[in-house]
Amino acid sequence: MNNFILYISSLLFIINSYSQQKNPDNKNWSSQLEYKSVPSLADQIKDGTIILTEKIKKKKKERNDLKVNNVNIVIGKSKESILSKNLVKKQQNAIPKDSQEPILVFEPFFSTNSFPTDPTGAVGPNHYVAAWNSSFRIFTKEGVPVTSSASLQTLFGAEELGDPIVLYDAQVDRFIVTSMANTAVNFAISQGPDPFLDGWHVYTAASNIFSTGDGPDDFPDYPKYSIWSDAYYFTANYADVPLFALERDKIINGDQSATIQGINIPNLIYSSFRGTQMLNITGDNHPAAGNATLVYHQDGALTGSATDRIKIWTINVDWENPENTTASNPISLFTTPFNAYFDGGQFGENLTQMNGVEMTGNTHKINNQAQFRKFETHNSAVFNHIENALSQDPSSIEELAAIRWYELRQDSDGEPWSIYQEGTYTAPDGKHAIFGSMAMDFQGNIGMGYTSFSENHFIESNYTGRYASDELGVMSLEEGVIRTSNTQNNSERYADYVHLTVDPSDDKTFWFNTEIFRNGNRRDVVGVFKVASDFNNDIGIVSIDSPEDGSLTNSESITVSIFNYGTQDVSGFDLSYQIDSGEIITENFSGTLESSSTEEFTFTQTSDLSIIGNSYEILAYTSLEGDEYEENNSFNKTVIHLNPNDIGVSAIISPVSGTNLTANEIVTVEISNYGGADQVDFVVFYDVDGVIVDETISDVIPANSSIEYSFTSTLDLSEFGSYEITAYTSL
């Protein structure tokens, strides 16, 4: 008999009494941008006009509501979902493939007064441009500085307040550097491909353009930029309108008549922070002009929201007649349920570090950036946001920060979007995973950088990813480490955002810029990694698929999965396995294993695993002549010949402590078959304060698996108080 005990309390119904916020019904507007031409950094260094970072002593202005907990969340509204838990289990149970070591790691600066640093950067054919509050710096592709750290005032003048974003527009081979100002936004694009030797077209949307809808302290905070075929878009945490478009065709050519449009977004329901993102084109293959896409995740716990979803708006800008610019009504794509908030929705003090300080999880926002890529057969978009992997209740004290990520697809330009896959990525070793940034390479592989930490681990810059051929909904690569902090973050604030971009030189190398803490200082660190291989010939065993723990026999088949990491198809290679350092069994794979594909192979020779209670160590490996990377060739697995009869209750799923508990609560338990034999027709019980209910389960539970079972007899929890529930089986 296995007992599982749950203490449950019937709680009062509580609603946060905050007024619902929706984007006001303002009209779109248009205005001409201010223009100036700024000399190259090379020329400014020569004539001594460059403004170095150390010459500037100022604080970055912070938007007031970044600290305010006015989040419009109904506590207890969201219900626990087995679908969400299954998404987490799917990731945690996946057998990881080897990740490649970082190609390059470097830090853009060694100390800064910026708080937080807001790491951003973009890679081009010959340079990497990094920026932080309120500076930027140019590097070679080897991570060697081309310039000293320069203030963003070098490009924009004194009216500059940080929140930079750096982009590389591959179609026109230009770098872009942006920043916000008090009541303005700044946009600079290089006049040629070299960010050091070429000058800059600089555009400013000045203070007379922006109203102060929330009062005198309002300004276009947290601007996030995206490249589209006919516009440079940016979203902002701004009172009047959350979306803006800059006239790309004119800006590229330094046309002084370039304009900006502010675009109203209908039915945008948010908490207190407007955390939307426009899709940003990865690479130089652009879709047709128009039909740009705005995305936002809407938690069902919000006032005015019924279920968890991704909301999508289609934007079409008319530069000749701005009155014809349109933002569609939103389309909802319903997701697996998620909880995007912690601690009732507050911004900071969410997740506990080693030093006891609770740090923000970056709730309320689609993480920087939402990336678009065009393929021959479809278009894809990838993006992510934070979620609590342990609970659907935003006020829950159970917290494990995870990254909910999505790939959307459309058949062709302008067609409807649908969710192709979604997953919940949890970091290993019980660490929180926050601040994800992701993109696709030209093969459709996904790379994702993120930050991890826990009460037992320093803040760390990490990465993972997946091959296009992998099982949907799983980041299949083991966690890679870029750099680990050696001191703590003594503040609740972290980074504000991070940034991953794809190298246009090979269209498969990811450059990730994030914040760590070294020697008492905030630092940014750039890590360069790949998912796709550079090797022509590289295969390996990624899993031993059978046998599994259970009632094993004296003639068990050994089945393995082989993955081709290399760029070339391969065939006619040997595979081997060995049990407990015994005889090596070698057989030939005669088929063709295509690049970036997986095949199963079952050895014809079986093995004796018949001793009850015994553990067997299985080693399997590949032998490919000319294999250029042998570290991923082998795989180990331990299987156990289980006792046949072992069953028990492993969890009480419902009811849970919450609001308005009734006299007819359904009791649902998880029953696990720990043994090696299938089980059927056994009794399961629940006991509430000495009152016992028993029922017989006639469903078959396969060996080494679990099911959920809901009792037909309900439970009266209508009286306010605490109840002790015990559930168990009798086999």
Side-chain angles (χ1 to χ4, degrees), residues 53 56-71 107-120 130-135 149 161-164 179-180 217 221-222 237 271-273 275 341-365 367-368 385-386 388 397 399-401 403 427 431-437 449-462 482-499 513-525:
T53 298
I56 303 299
K57 303 292 183 183
K58 67 169 187 172
K59 272 191 173 181
K60 172 184 175 262
K61 185 174 181 180
E62 297 288 357
R63 185 184 172 94
N64 289 337
D65 71 359
L66 200 62
K67 304 280 189 181
V68 177
N69 183 24
N70 53 342
V71 292
E107 297 181 10
F109 59 86
F110 296 109
S111 65
T112 178
N113 293 323
S114 298
F115 177 80
T117 61
D118 295 357
T120 180
W132 59 97
N133 280 328
S134 288
S135 303
S149 297
L161 282 178
D163 270 18
S179 81
M180 69 179 182
D217 292 330
D221 175 50
Y222 198 76
N237 183 33
S271 52
S272 64
F273 197 98
Y341 303 115
F342 299 91
D343 305 307
Q346 70 178 16
F347 276 98
E349 300 182 358
N350 299 141
L351 306 166
T352 306
Q353 303 176 73
M354 291 175 66
N355 57 0
V357 175
E358 292 190 335
M359 193 171 75
T360 179
N362 201 40
T363 57
H364 303 253
K365 311 163 192 172
N367 285 322
N368 188 48
H385 61 81
I386 197 171
N388 184 352
I397 61 173
E399 295 179 342
L400 177 64
I403 296 170
K431 297 182 296 183
H432 298 298
I434 61 173
F435 283 79
S437 188
Y450 63 96
T451 296
S452 71
F453 68 96
S454 75
E455 295 182 51
N456 301 309
H457 300 85
F458 281 108
I459 292 171
E460 189 171 73
S461 173
N462 299 111
I482 293 172
R483 186 153 290 173
T484 305
S485 301
N486 62 12
T487 51
Q488 305 284 353
N489 177 14
N490 293 316
S491 165
E492 69 182 54
R493 294 295 296 277
Y494 172 81
D496 270 5
Y497 51 91
V498 300
H499 200 178
N513 192 349
T514 190
E515 185 179 80
I516 59 170
F517 296 80
R518 304 278 290 179
N519 304 326
N521 295 311
R522 288 180 184 257
R523 304 270 189 91
D524 287 353
V525 61

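Along the sequence shown, residues carry numbers from 1. As the structure is a computational prediction, the values presented were derived from the model and not from experiment.
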Compare every heavy atom of [Y] with every heavy atom of [X], then report the nearest pair and how far apart it is.
| X | Y | value |
| --- | --- | --- |
| Ala401 | Leu351 | CB-CD1, 3.5 Å |
| Phe115 | Arg493 | CZ-CB, 4.2 Å |
| Ala433 | Tyr450 | CB-CD1, 4.0 Å |
| Ala495 | Pro119 | O-CD, 3.7 Å |
| Ser134 | Leu161 | OG-C, 3.9 Å |

Side chain proximity check, [X] to [Y], heavy atoms < 4.5 angstrom:
| X | Y | result |
| --- | --- | --- |
| Asp221 | Phe273 | yes |
| Lys431 | Phe453 | no |
| Phe458 | Met354 | yes |
| Thr112 | Trp132 | yes |
| Glu107 | Val525 | yes |
| His457 | Ser452 | no |
| Thr352 | Glu399 | no |
| His432 | Leu400 | yes |

From [X] atom [atom1] to [Y] atom [atom2], the distance as rounded to the nearest 0.5 Å:
| X | Y | atom1 | atom2 | result |
| --- | --- | --- | --- | --- |
| Asn513 | Ser461 | CG | OG | 8.5 Å |
| Glu492 | Glu358 | CD | CD | 9.5 Å |
| Tyr494 | Gln353 | OH | CD | 10.0 Å |
| Phe109 | Arg523 | CZ | CZ | 8.5 Å |
| Asn350 | Ile386 | CG | CD1 | 7.0 Å |
| Ile403 | His385 | CD1 | NE2 | 11.0 Å |

TODO: Decide yes or no on side chain to side chain donor-acceptor pair (under 3.5 Å) for Thr53 and Ser135, but give the supporting numbers first.
DONE: CA-CA 6 Å; Thr53 298; Ser135 303; 2.8 Å; yes
Ignoring hydrogens and angles, tell me if any N or O in the side chain of [X] forms a donor-acceptor pair with the backbone of [Y] under 3.5 Å.
| X | Y | result |
| --- | --- | --- |
| His364 | Gly345 | yes |
| Thr117 | Asp524 | no |
| Asn462 | Thr451 | no |
| Ser437 | Asn368 | yes |
| Arg518 | Thr484 | yes |
| Tyr222 | Tyr497 | no |

- [ ] Identify the residue among Ile516, Ile459, Asn355 that makes a side-chain contact (heavy atoms from CB on, under 4.5 Å) with Asn489.
- [x]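 Checked Ile516, Ile459, Asn355 against Asn489; only one passes side-chain contact (heavy atoms from CB on, under 4.5 Å): Ile459.
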TODO: List for me each residue that meets side chain to side chain donor-acceptor pair (under 3.5 Å) alongside Asn519, sequence neighbours excluded, and say none if there are none.
DONE: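 Only Asn486 meet the side chain to side chain donor-acceptor pair (under 3.5 Å) criterion with Asn519.
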Open item on the list: Checking Asn367 now: which residues fulfil side chain to side chain donor-acceptor pair (under 3.5 Å) with it, not counting sequence neighbours?
Closed with: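 Checked Asn367 against side chain to side chain donor-acceptor pair (under 3.5 Å); matches are Asn362, Asn384.
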Open item on the list: I'd like to know whether Thr360 forms a side chain to side chain contact (heavy atoms under 4.5 Å, CB included) with Phe342, so could you lay out the CA-CA distance, the side-chain angles of the two residues, the decisive distance to 0.1 Å, and finally the verdict.
Closed with: CA-CA 9 Å; Thr360 179; Phe342 299 91; over 6 Å; no
